[in-house]
Amino acid sequence: MENTEKKKVILSGIQPSGAFTLGNYVGAIKNWAKLQDDYSCLYMIADMHAITVRQDPAKLRRNTLEAYAAIVACGVDPENSVAFIQSHVPTHGMLNWLLACNTQFGELSRMTQFKDKSAKHADDVNAGLFTYPVLMAADILAYNADLVPVGVDQKQHLELTRDIAQRFNQRYGELFTLPDGYIPPQGAKIMSLSDPTKKMSKSDENQNSCVYILDDKDTIIRKFKRAVTDSDSCVKYAEGKDGINNLITIYSVVTGKSVEDVEREFDGKGYGDFKLAVGEAVADHLAPVREKFNDLMKNKDYLVSCYKRGDETAFKISSRIVSKAYHKAGFVDR
Ligand code: ATP
Ligand code: LTN
């Protein structure tokens with residue numbers, strides 16, 4: 001990373017809780033790559049967040065390495081950005097505790113992701129699931145990140161991060177930057193293909209609700225052909241047409257065409273033609289990602305060397321800030 005002083009800092013993360021979906025790509029990772037030249041970027045695989053729901057250990061290890069390869073395949077350049085694994089950098093856990101003691105139970109109780117996930121995993125409403133946003137705040141504040149590129153579902157967690165940072169600064173003296181979200185104007189919430197009122201989510205059991213970024217062309221086309229739409233047949237973005245709006249958004253993002261251009265292109269054509277075109281455009285857009293991912297997975301030593309370098313740099317940067325936070329909170333210097 002060059003010119004660290006001058007450039008603004010970006011940090012983001014993704015959980016290795018399964019194969020990445022088109023939603024993860026469009027809402028987050030695609031933008032990570034785009035922002036690399038203009039910012040000092042840190043991108044991490046949030047394996048500590050992933051264990052807030054039950055994970056099979058061997059599978060989690062595999063998913064973590066695959067997730068790392070996937071962000072690189074999507075364009076994160078480990079030579080240019082700091083790409084690391086969250087559990088390898090102990091400062092996150094250290095800051096987490098300090099911030100937890102400055103976060104209210106009531107604040108965490110209001111988090112909609114906690115409400116959704118505790119309903120979904122009613123047999124395991126663990127303390128980590130509840131304090132998940134505190135660890136996320138630690139991830140961000142440990143680097144004094146200015147900007148956090150995420151999908152819209154993370155907005156509430158970012159607002160809480162700002163509140164925690166502000167409270168800490170008021171109690172102990174200025175230290176933390178209040179981060180802003182970078183939520184893409186289009187594609188910040190890609191919807192499920194089988195139920196377009198629900199977010200496309202990588203932990204959804206229904207394979208047909210998600211397009212995975214590593215799906216092959218035939219699978220992608222088949223999933224789009226089956227996508228739930230409505231009984232209308234006109235390709236127009238409109239209130240209440242969640243399914244077709246979602247497909248228009250996806251097509252627009254992967255082709256770079258405006259919504260108006262998409263509507264014009266399919267004027268007089270039916271949903272069948274449109275779904276096929278969306279499937280083909282997405283498959284073509286993702287083909288190089290799949291190819292690069294397969295190449296990277298053949299060279300694990302390279303991936304290991306990349307994350308080790310990322311881990312070290314991340315630790316160095318965050319240690320400075322976390323030590324200051326510990327000092328301000330009244331811990332004796334080491
Ligand atoms: P899980 O299902 O395990 O909760 P997820 O698919 O929601 O996972 P996360 O790891 O929580 O994915 O999110 C990674 C990033 O992808 C976040 O920035 C999140 O906002 C973004 N994201 C997730 N789903 C979507 C979606 N459907 N549309 C746009 N962005 C999304
Ligand atoms: N909670 C995030 C993943 C995540 C994250 C972060 C994103 C963990 N730590 C820090 C941005 C910044 C999610 O996407 N579900």
Side-chain angles (χ1 to χ4, degrees), residues 9-32 35 41-55 60 63-64 67 70-71 74 84-87 89 92-93 95-96 99 111-114 116-118 120-121 128-129 131-162 164 179-193 195-206 209-213 242 246 249-250 253 314 318:
V9 176
I10 282 194
L11 179 130
S12 197
I14 184 159
Q15 301 180 74
S17 44
F20 293 172
T21 69
L22 185 64
N24 298 136
Y25 176 76
V26 170
I29 315 171
K30 185 172 179 281
N31 304 308
W32 295 6
L35 296 161
C41 297
L42 299 121
Y43 296 124
M44 58 163 209
I45 305 304
D47 53 349
M48 289 162 76
H49 277 105
I51 62 161
T52 54
V53 303
R54 237 349 115 249
Q55 300 286 343
L60 178 62
N63 281 344
T64 301
I71 64 169
C74 290
F84 66 101
I85 296 177
Q86 185 186 30
S87 65
V89 185
H92 294 235
L95 186 58
N96 175 57
L99 300 183
M111 295 293 116
T112 54
Q113 182 181 290
F114 171 70
D116 293 347
K117 289 210 171 174
S118 54
K120 199 169 155 201
H121 304 276
L129 190 65
T131 60
Y132 175 117
V134 181
L135 179 60
M136 181 163 160
D139 298 334
I140 298 167
L141 301 180
Y143 301 87
N144 265 337
D146 298 286
L147 214 56
V148 182
V150 283
V152 79
D153 60 309
Q154 295 300 312
K155 202 166 164 228
Q156 199 184 25
H157 291 163
L158 282 182
E159 282 159 7
L160 179 65
T161 300
R162 288 171 65 89
I164 297 172
D180 285 313
Y182 176 97
I183 294 171
Q186 229 193 348
K189 191 172 184 187
I190 299 295
M191 309 310 278
S192 153
L193 296 188
D195 177 358
T197 60
K198 265 177 41 193
K199 182 185 93 132
M200 184 183 283
S201 169
K202 65 170 118 70
S203 52
D204 200 319
E205 278 111 45
N206 180 358
S209 70
C210 293
V211 166
Y212 300 103
I213 63 173
D242 297 323
N246 192 35
T249 302
I250 292 170
V253 171
S318 55

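Just follow the structure's listing: the first ligand is 1, and inside any ligand the first atom is 1.
- When each atom of ligand 2 is checked for a heavy atom of H49 under 4.0 Å away, the hits are 8 (C), 9 (N).
- When only non-hydrogen protein atoms are considered, atom 3 (O) of ligand 1 lies nearest to S17 OG, 2.8 Å.
- Counting heavy atoms under 4.0 Å from ligand 2, residue H157 does not touch it at all.
- Per-residue contacts place K117 under 4.0 angstrom from the following atoms of ligand 1 (heavy atoms of the residue considered): 1 (P), 4 (O).
- Contacts with ligand 1 closer than 4.0 Å are made by backbone heavy atoms (N, CA, C, O) of K189 only, the side chain lying farther away.
- Atom 20 (O) of ligand 1 has its closest protein heavy atom at D153 OD1, 2.5 Å.
- Counting the atoms of ligand 2 from 1 in the order shown, those under 4.0 Å from a heavy atom of D139 are 6 (C), 8 (C), 9 (N), 10 (C).
- A heavy-atom separation below 4.0 Å is found between G187 and ligand 1.
- Below 4.0 Å from some heavy atom of A46 lie the following atoms of ligand 2, by number and element: 8 (C).
- Given atom 1 (P) of ligand 1, the protein heavy atom at minimum distance is S203 OG, 3.5 Å.
- In terms of protein heavy-atom proximity, atom 23 (C) of ligand 1 is closest to N24 ND2, 3.2 Å.
- Here S201 has heavy atoms under 4.0 Å from ligand 1 in both its backbone and its side chain.
- Closest protein heavy atom to atom 10 (O) of ligand 1: K202 NZ, 2.6 Å.
- Between atom 31 (C) of ligand 1 and the options A67, G23, P16, G18, the minimum heavy-atom separation is to G23.
- Ligand 1 is never approached by V26 to a heavy-atom distance shorter than 4.0 Å.
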